[in-house]
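Okay, structure first, notes after.
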Amino acid sequence: MKTYFRHFAFAALTSFAVVSNSHAAAEQGDAAPAGPPKMPVQVVEAKLSEAVFFKNYPGRVRAFRTAEVRARVDGIVQSRDFVEGSQVQASDTLFTIDDRMLRANVRTAKADLDSAEATHALSQQTLKRYSKLMKSGSMSRHEFDTHRAKAKQSAAGVEQAKARLDREQISLDYSSVIAPISGRIGRAMVSEGALVSVASSTHLAKIEQIDQVYVDFSRPSSEMIGQGGMTAQSESQTVEILLGDQGLKLQGQLRFSGMDVDVSTGAISLRAQVDNPERLLLPGMFVRVRVPVDSASNVLIVPQKAVSIGARGAQVHTVVDDQLRPVPVVLGKMAGTDWVIDSGLEAGTQVVVSDVTMIKAMGASVMAVPAQPAAAPAAQAEQ
C-alpha cells in the first residue's frame, strides 16, 4: 500500500510540472519579440539671432607706465633697498648713494650764502649813510650811484648763493634714489660698491606698472573703407584679448588709433587698454586681439557641432520618424561656436548636435532629447 501511494504522488507532481511548463511556454509564445532600444540624440532649435563678426589681429603687450630709474648724482652705491621682481610704491627708497661729499657741498653752499648776506647787509648800511651825505651835498651824485649799484650787486649775490644752496640740497636728496611710480621693479642693474655717474646716466633699474596694460596692434587700412574710418571706431570700442591656447580672455577698450598709414605695411596702428589685476599679461607678450568688424541681424544660426562637412558639402541632421535625416545647407560665416546658415534650413527646425557617426553606421532608430541650452550672449563671429 505504501508503495502505491508513493507512485501516485510522484505521478501527480510530474503532471503538475508538465502543465506548468506548458503554460509558461504558451505565455512566452504570445509575447511579441522586443526590438533594439532607440538611441538618444540631443537636438537644439535653429533660431534667428543677431551676430557680431570679429576678426583676430596679432598684438603685443606694453606696460601702462614705465620708468627707467637712473643715477642723478655721482657716487658709490652703498645699498640696494628693494627686492628684485617685487611690487614697489612711489617714493620708496630703491638705492642709497654715498652722500658725504654731497653733504660737504651743502655746508659750503650755506657758508657762501652767509657771506653773501653779510656783504649785502654791509652794503645796505653804507648806502644809507651815503644817502644822507648826498642830501647834505657832501657827496657827488656819481659816487652815490656807484654805491647804490654795489648794494644791488650784493643783493644779487645773495640770490645766487641761495640758488647754489638749493642745487646742492637737491643733489644731496638725489643720493637716496626713490621710485618715481608704483609698479613691479625688475632686477637691479648695479650692485653695492658700483660707481654711478650723472654724465653717463647710469641705469639702475626699471619699474613697470602692469595693473593695466596697453596692447598695440595694427589693422590694414583697406578694411576701414566704408566703416566710418578708424578714428570713429577707436572711441571706447570694446575688444577681446586672447592669451595663447589656454582659452583666457580679457576685455579691453580701444584708446588710440594712428592718424597715418604705414607706407611699408599699409596698416594703421591701434592701441587697446586692458585691466590686468591678476597680471596675466606681461610686457612683451604676444596676444591675439579680437576686434568687431561687422554685424548682422535676423540670421539663422546653429551650433558648430551640428554641422558636418564632407565631400558633398555641409549638412545637418534632423530626426524624422525616429530616423536621422541629413539636410544639405549652405554655410555663411563662423559665429564663435555657431555657424550662420545662409540657406537650406528653416528657423525652428530641430537639428542634432550629438555625434551620429556610429548611429548612422548601425542604422539604429533614434530618440530626440532636448539639449541643455548654453547661456551665451549674441553670436560672435571670427574671420
Side-chain angles (χ1 to χ4, degrees), residues 63-82 88-183 185-186 188-209:
F64 183 70
R65 297 175 69 189
T66 301
E68 290 188 350
V69 182
R70 296 184 179 272
R72 305 178 75 173
V73 292
D74 298 336
I76 302 296
V77 177
Q78 287 186 327
S79 64
R80 171 173 60 84
D81 305 316
F82 66 93
V88 297
Q89 301 299 320
S91 301
D92 285 354
T93 300
L94 305 179
F95 295 91
T96 300
I97 299 174
D98 185 4
D99 62 356
R100 290 174 296 176
M101 184 63 71
L102 300 173
R103 291 185 182 278
N105 293 340
V106 170
R107 290 195 298 271
T108 300
K110 285 182 177 179
D112 291 341
L113 176 59
D114 293 340
S115 177
E117 288 177 340
T119 301
H120 179 59
L122 179 60
S123 65
Q124 288 294 102
Q125 294 176 358
T126 303
L127 183 61
K128 288 181 180 179
R129 291 195 300 267
Y130 286 172
S131 177
K132 294 179 181 179
L133 294 175
M134 175 67 184
K135 292 178 180 179
S136 63
S138 301
M139 177 177 287
S140 66
R141 183 69 183 183
H142 174 72
E143 289 178 323
F144 177 77
D145 290 342
T146 300
H147 286 293
R148 186 170 59 180
K150 288 181 178 180
K152 291 182 178 180
Q153 188 176 15
S154 65
V158 172
E159 295 301 320
Q160 289 179 344
K162 288 181 178 179
R164 284 195 297 269
L165 178 58
D166 289 344
R167 185 168 60 249
E168 296 299 339
Q169 185 62 54
I170 291 173
S171 296
L172 177 61
D173 294 341
Y174 285 162
S175 64
S176 293
V177 182
I178 64 173
I181 63 172
S182 300
I185 191 168
M189 301 297 182
V190 297
S191 60
E192 292 84 349
L195 174 64
V196 297
S197 170
V198 177
S200 60
S201 298
T202 306
H203 191 186
L204 305 179
K206 183 169 73 172
I207 303 174
E208 294 178 312
Q209 193 175 90

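Nothing fancy with the numbering, it's 1 onward along the sequence. Since we're looking at a predicted model, the values are computed, not measured.
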Is there a side chain to side chain contact (heavy atoms under 4.5 Å, CB included) between Leu113 and Lys110? Walk through the geometry before answering. CA-CA 5 Å; Leu113 176 59; Lys110 285 182 177 179; 5.6 Å; no
Give a yes or no answer on whether the side chain of His120 reaches the backbone of Ala155 with a donor-acceptor pair at less than 3.5 Å. yes
Between Leu172 and Arg103 the two heavy atoms that sit nearest each other are CD1-CG, 3.6 Å
Between Ile97 and Tyr174, which heavy-atom pair has the shortest distance, and what is it? CD1-O, 4.4 Å
Tell me whether Ser79 contacts the main-chain N or O of Asp81 through its side chain, where contact means a donor paired with an acceptor under 3.5 Å. no
Nearest non-hydrogen partners of Ala116 and Ala161, listed with the distance: CB-CB, 4.0 Å
Straight-line distance of His147 NE2 to His142 NE2, nearest 0.5 Å: 9.5 Å
Run the side chain to side chain contact (heavy atoms under 4.5 Å, CB included) test on Thr96 and Val177 for me, step by step, so that the C-alpha distance in whole Å, both residues' side-chain angles and the decisive distance to 0.1 Å come before the verdict. CA-CA 6 Å; Thr96 300; Val177 182; over 6 Å; no
Please report the C-alpha distance between Val190 and Phe95 in whole Å, then the side-chain angles of each, then the deciding distance to 0.1 Å, and finally whether the side chain to side chain contact (heavy atoms under 4.5 Å, CB included) criterion is met. CA-CA 10 Å; Val190 297; Phe95 295 91; 4.0 Å; yes
Between Thr119 (side chain only) and Ser115 (backbone N and O only), is there a donor and an acceptor less than 3.5 Å apart? yes
Taken to the nearest 0.5 Å, the spacing of Ile207 CD1 from Glu68 CD works out to 11.0 Å
If every non-hydrogen atom of Pro180 is compared with every non-hydrogen atom of Ala67, which pair is closest and at what distance? CG-CB, 3.6 Å
With rounding to the nearest 0.5 Å, note down the distance linking OG in Ser123 to NZ in Lys152. 12.0 Å
Is it the case that atom CD in Gln78 sees more than 12 heavy atoms from other parts of the structure closer than 6.0 Å? yes
Is the backbone of Gly183 close enough, under 3.5 Å, to the side chain of Glu208 for a donor and an acceptor to pair up by distance? no
Nearest-0.5 Å distance, OG of residue Ser201 to CZ of residue Arg72: 10.0 Å
Could you give the distance from CG (Leu94) to CG (Leu204), rounded to the nearest 0.5 Å? 8.5 Å
Taking Gln169 for its side chain and Val106 for its backbone only, find out whether a donor-acceptor pair lies under 3.5 Å. no
Taking the side chain from Ser171 and the backbone from Arg167, do they hold a donor-acceptor pair closer than 3.5 Å? yes
His203 side chain vs Ala205 backbone, donor-acceptor pair below 3.5 Å: yes
Say whether, by atom type as modelled, one donor and one acceptor occur between the side chain of Thr108 and the main chain of Ala104 under 3.5 angstrom. yes
Report the residues that fulfil side chain to side chain donor-acceptor pair (under 3.5 Å) with Ser175, sequence neighbours left out, ordered by chain and then residue number. none
Considering non-hydrogen atoms only, spot the tightest contact between Gln124 and Ala151 and give its length. OE1-CB, 3.5 Å
Keeping Arg164 on the side-chain end and Ala109 on the backbone end, is there a donor-acceptor pair under 3.5 Å? no
Please assess Arg70 against Met189 for the test side chain to side chain contact (heavy atoms under 4.5 Å, CB included), listing each intermediate value before the final yes or no. CA-CA 10 Å; Arg70 296 184 179 272; Met189 301 297 182; over 6 Å; no
Distance-minimising heavy-atom pair for Ala179 and Val88: CB-CG2, 4.3 Å
Could you tell me the separation between the CG atom of Asp74 and the CG atom of Asp98, rounded to the nearest 0.5 Å? 12.0 Å
